[in-house]
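Remarks on the structure that follows.
Numbering starts at 1 and runs along the sequence shown.
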Amino acid sequence: MILALVVLLLLLLSRLRLGALASYGPEGIQVKLRVGPFFIQLFPGKKKGEKRPKKEKTPKKEKPKPDVKALLPLIRELVPVGLEALRGFRRRLRIDRLTLHLIWGEEDPADAAIHYGYAWGAVEALLSFLEANFVLVRREVSLDLDYQRDKPEVSVALGLSLTLGQILAVSLPAAVRALKILLRKRKKRTAPPRQSAGAPAQ
C-alpha cells in the first residue's frame, strides 16, 4: 500500500508543470515563476523597508583564478553535452501563452502604413517558426494601425513550461555524462607519471 502511494506521488510530481511567464506593457516588465497552477512574482520584487546599515566585511584573501587555458579541453568535451540537453529541452518545451497586441502609429502617416506592413510580416514569420517548432497552446495576436498616434504601443506576454518529469528526463542523463567526463579528467590529473621502459626499477 505504501509503495503504491509512493509510486502515485512520484507520477503526480512528474506531471507538475514548472515554467515562467514574462510580460511587457504599459505597466512595465513583469516576470513570474510558474509552479503547477500557481504563479510567484519575481520581478518587480516587493518594496522593502529601510535597509539596515551593512556591517563592514573583513577583507577576504583572493582565491587563485582558474587557468582558462588548462580548462579548454574540459570545456570542449562538456559543450556537446550541454547542446544535446538544450535540444532535448527545446523538443519538450511548451508555449502556454503567447500574447501580442500592437498598435502602430507614427507622425508621418505614409511611414506608419509602410512600417505597419513590415510589422505584420515579421509577426507572421515569428508565428510560423513557433508553430513549426513548439507546442503553442494559447495565442492572442492583434495588430492595428492608428494614424492618430505618433508612436507605437505594444503589449507582449510569453509563458513557457515543462513538466518536472521532462526536466529530469533531459537533465539527469546530461548530468551523468558530465560527471563521467569530470571524473575521467580528475583521474588522469591525479594518476602518477608512468616510468619509461628503460628506467631502472627502484
Side-chain angles (χ1 to χ4, degrees), residues 1-46 66 68 71-102 119-143 154-188:
M1 183 65 180
I2 296 176
L3 180 60
L5 289 174
V6 171
V7 172
L8 179 61
L9 180 61
L10 291 176
L11 288 175
L12 291 174
L13 285 175
S14 69
R15 302 292 297 172
L16 181 68
R17 284 211 159 263
L18 304 174
L21 173 64
S23 62
Y24 171 79
E27 67 281 358
I29 299 175
Q30 293 188 6
V31 180
K32 297 179 181 179
L33 175 68
R34 177 182 176 179
V35 181
F38 305 105
F39 289 88
I40 302 169
Q41 184 88 20
L42 295 181
F43 182 86
K46 294 181 180 179
V68 178
L71 291 175
L72 283 178
L74 175 61
I75 295 172
R76 197 179 300 120
E77 288 195 56
L78 291 177
V79 164
V81 178
L83 292 177
E84 185 177 340
L86 288 176
R87 285 193 292 268
F89 282 126
R90 186 187 65 80
R91 287 193 296 267
R92 294 166 173 82
L93 193 63
R94 192 178 82 177
I95 301 177
D96 298 304
R97 177 185 173 188
L98 173 63
T99 305
L100 174 61
H101 299 298
L102 175 64
W120 251 123
V123 169
E124 287 180 347
L126 175 63
L127 291 176
S128 298
F129 171 78
L130 294 178
E131 290 175 346
N133 292 277
F134 301 96
V135 176
L136 188 54
V137 178
R138 178 185 169 192
R139 185 184 78 177
E140 296 178 9
V141 177
S142 66
L143 278 78
V154 62
S155 297
V156 61
L158 180 64
L160 307 172
S161 71
L162 292 162
T163 65
L164 180 59
Q166 290 171 330
I167 294 173
L168 293 176
V170 175
S171 59
L172 286 181
V176 170
R177 286 184 59 192
L179 182 60
K180 287 181 178 179
I181 292 172
L182 292 172
L183 291 176
R184 187 173 71 249
K185 290 290 183 180
R186 183 179 179 183
K187 187 176 180 180
K188 286 183 179 180

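Counting only distance, with no hydrogens or angles, the side chain of Gln166 and the backbone of Leu168 share no donor-acceptor pair below 3.5 Å. Arg177 places no side-chain N or O within 3.5 Å of a backbone atom of Leu179 that could act as its donor or acceptor partner.
When all heavy atoms are compared, the tightest approach of Phe89 to Ile167 is CE2-CA, 3.9 Å. Heavy-atom minimum distance, Leu127 versus Arg139: CD2-CD, 3.7 Å. Of all non-hydrogen atoms in Leu102 and Ala119, the two that sit nearest each other are CD2-CB, 4.0 Å. Counting all heavy atoms, side chain and backbone alike, Leu93 lies closest to Phe134 at O-CD2, 3.9 Å. In this structure, Asp96 and Val137 approach most closely via the heavy-atom pair O-CB, 3.8 Å. Glu77 approaches Val81 most closely through the heavy-atom pair O-CG2, 3.8 Å.
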(request) Evaluate the side-chain contact (heavy atoms from CB on, under 4.5 Å) criterion for residues Arg92 and Val170: first the C-alpha distance (whole Å), next the side-chain angles of each, then the deciding distance (0.1 Å), finally the verdict. (result) CA-CA 9 Å; Arg92 294 166 173 82; Val170 175; 3.5 Å; yes
(message) Could you go through Leu162 and Arg94, starting from their C-alpha distance and side-chain angles, then the distance that decides it, and tell me whether this counts as side-chain contact (heavy atoms from CB on, under 4.5 Å)?
(response) CA-CA 6 Å; Leu162 292 162; Arg94 192 178 82 177; over 6 Å; no
(request) Kindly determine whether Val156 and Thr99 satisfy side-chain contact (heavy atoms from CB on, under 4.5 Å), including the steps that lead there. (result) CA-CA 5 Å; Val156 61; Thr99 305; over 6 Å; no
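For Thr163 and Arg15, the side-chain atoms include no donor-acceptor pair closer than 3.5 Å.
Leu182 places a side-chain heavy atom less than 4.5 Å from the side chain of Leu74. With a 4.5 Å cut-off on side-chain heavy atoms, Val135 and Ile95 do not count as touching. Leu42 is not listed as a side-chain neighbour of Lys32, based on a closest heavy-atom distance of 4.5 Å or more. Here the side chains of Leu183 and Lys187 are not in contact, with every heavy-atom distance at 4.5 Å or above.
A distance of 10.5 Å separates CZ in Arg17 from CG in Leu160, rounded to the nearest 0.5 Å. A distance of 9.5 Å separates CG of Leu8 from CG of Leu13, quoted to the nearest 0.5 Å. The CG atom of Leu12 lies 11.5 Å from the CG atom of Leu164; values are rounded to the nearest 0.5 Å. With values rounded to the nearest 0.5 angstrom, Ser161 atom OG is found 8.5 Å from Leu18 atom CG. For the atom pair CD (Gln41) and CD (Gln30), the distance works out to 5.0 Å, reported to the nearest 0.5 Å. Leu86 contributes atom CG, which lies 11.0 Å from atom CZ of Arg91 (distance to the nearest 0.5 angstrom).
For Arg90, the CZ atom is densely surrounded, since the number of other residues' heavy atoms within 6.0 Å is greater than 12. Heavy-atom neighbours of Phe39 CZ from other residues, nucleotides or ligands within 6.0 Å: above the threshold of 12. Heavy atoms from other residues, nucleotides or ligands lying under 6.0 Å from NZ of Lys185 number more than 12.
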